[in-house]
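For reference, the structure discussed in these notes is given below.
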Amino acid sequence: MTTMMMILLGIIFAAVAGLTLAKIKGKSIPTLVIVMLIIMGICFAGVLAFINKGEDYLAYQALRWQPLQPDTIAQYVSQGKIVFVDITADWCVPCQTNKANVLHREQVVNQLDQANIILMQGDWTQPDTVIEQYMGQQSVAGTPFNKVYSSVYPDGIELPKVLMIDDIHYALSLAQPPQLNTNKKDCQGSLFY
């Protein structure tokens, strides 16, 4: 698909060059046509650059999500693991935005796809008593909800509702054990509000 888009972009700019050359040689070609092709080419190039950032947009499929099991979080933390919890739902627009803009991005996938990180996901698309009880314990009413647990933060670090890539990086760096963590702050709970 990218190759076809590059060919189309090349054709647009070749047409601009050809029409400009023909106009210089005295042909009756409206300037507006050339200007519109240039604008269309620039817009198309912008779209192509946005789509082709050079990252793997399917990398998120490699992540190994476990169903949410709140009772096992403390056990994983005691083993030195970091637990990343994601509560989501298909009908939750901010959840889908967080996935597209952050959680499915290759650099975040690379951060989450580590042997010492356990990924737990609660899919609240359908009613689920485990998720309801967990959210009640967290005093949170709705989605999206993300939290990072570790031995450094056994009660977890709550992330903002609207995620940014830096939020994930920062929370994971804080959650690292003391010998690895140089960013530890004297704080509890949410660091993003």
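Quick note: numbers below take in every heavy atom, side chains included, and nothing from hydrogens, waters or symmetry partners.
Note: Asn98 CG to Asp167 CG = 9.0 Å, rounded to the nearest 0.5 Å. Note: Lys99 NZ to Leu163 CG = 12.0 Å, rounded to the nearest 0.5 Å. Put simply, OG on Ser151 and CD1 on Ile82 are 8.0 Å apart, with the number rounded to the nearest 0.5 Å. Between the CG atom of Asn116 and the OG atom of Ser150 there is a distance of 10.0 Å, given to the nearest 0.5 Å. Distance check: Met164 CE to Asn101 CG gives 9.5 Å after rounding to the nearest 0.5 Å. Distance check: Leu37 CG to Ile11 CD1 gives 12.0 Å after rounding to the nearest 0.5 Å.
Contact annotation: the side chain of Glu132 approaches that of Pro127 to within less than 4.5 Å [non-hydrogen atoms, C-beta and beyond]. Contact of the Cys92 side chain with the Pro144 side chain is registered, since non-hydrogen atoms from C-beta on lie closer than 4.5 Å. Side-chain atoms of Gln121 and Gln66, non-hydrogen and from C-beta on, never get closer than 4.5 Å to each other. Counting heavy atoms from C-beta on, the side chains of Val109 and His104 never come closer than 4.5 Å. Val33 is listed as a side-chain neighbour of Pro30, based on a closest heavy-atom distance under 4.5 Å. Proximity of Gln111 to Ile117: side-chain heavy atoms (C-beta onward) are nowhere separated by under 4.5 Å. Side-chain atoms of Pro94 and Val162, non-hydrogen and from C-beta on, never get closer than 4.5 Å to each other.
Hydrophobic clustering (side-chain heavy atoms under 4.5 Å, transitive across Ile, Leu, Val, Met, Phe, Trp, Tyr) keeps Val35 apart from Ile29. Residues Ile73 and Ile131 share a hydrophobic cluster, clusters being chains of Ile/Leu/Val/Met/Phe/Trp/Tyr side chains in contact below 4.5 Å. In terms of hydrophobic clustering, with Ile, Leu, Val, Met, Phe, Trp and Tyr side chains grouped at heavy-atom distances under 4.5 Å, Ile118 and Leu68 are assigned to a common cluster. Val152 and Val77 fall into different hydrophobic clusters, where Ile, Leu, Val, Met, Phe, Trp and Tyr are joined by side-chain heavy atoms under 4.5 Å apart, directly or via other members. Cluster membership for Leu103 and Ile165, using ILVMFWY side-chain heavy atoms within less than 4.5 angstrom, is shared.
Relative orientation of the Tyr134 and Phe145 rings is perpendicular, given thresholds of 30° and 60° on the angle between their planes.
The minimum heavy-atom distance linking Ile157 with Ala175 is given by the pair CD1-N, 4.4 Å. Scanning both residues, Lys161 and Gly142, for their nearest heavy atoms gives NZ-O, 3.1 Å. Smallest separation of non-hydrogen atoms from Ala89 and Asp123: CA-OD1, 3.8 Å. Minimum interatomic distance between Ala100 and Arg105 (heavy atoms only, all atoms of both residues): O-CD, 3.7 Å. Pairing each heavy atom of Thr20 with each of Val16, the nearest pair is OG1-O, 2.7 Å.
For the ring pair (Phe, Tyr, Trp, His ring centres under 6.0 Å) condition, no pair includes a residue of residues 61-88, sequence neighbours left out.
In this structure, the side chain of Lys147 engages the main chain of Asp155 through a donor-acceptor pair within 3.5 Å. Side-chain N or O atoms of Asn146 include none that pairs as donor or acceptor with a backbone N or O of Leu159 at under 3.5 Å. Using a distance-only test at 3.5 Å, with no hydrogens or angles considered, no donor-acceptor pair links the side chain of Thr72 to the main chain of Gln75. Formation of a donor-acceptor pair under 3.5 Å by the Glu158 side chain with backbone atoms of Gln138 is not found in this model. Formation of a donor-acceptor pair under 3.5 Å by the Thr125 side chain with backbone atoms of Asp90 is found in this model.
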Evaluate the side-chain contact (heavy atoms from CB on, under 4.5 Å) criterion for residues Met135 and Trp124: first the C-alpha distance (whole Å), next the side-chain angles of each, then the deciding distance (0.1 Å), finally the verdict. CA-CA 11 Å; Met135 296 296 275; Trp124 215 355; 3.7 Å; yes
Give the C-alpha distance, both sets of side-chain angles, the deciding distance and a yes or no for side-chain contact (heavy atoms from CB on, under 4.5 Å) between Val148 and Tyr153. CA-CA 8 Å; Val148 177; Tyr153 288 97; over 6 Å; no
Can you list the steps and then say if Leu172 with Leu112 is a side-chain contact (heavy atoms from CB on, under 4.5 Å)? CA-CA 9 Å; Leu172 291 176; Leu112 293 175; 3.9 Å; yes
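Neither side chain, Asp86 nor Thr88, offers a donor N or O lying under 3.5 Å from an acceptor on the other.
Ion pair Arg64/Asp113 flagged as a salt bridge, since at least one NZ, NE, NH1 or NH2 atom sits closer than 4.0 Å to an Asp/Glu carboxylate oxygen.
Atom CD of Gln79 has more than 12 heavy atoms from other residues, nucleotides or ligands within 6.0 Å.
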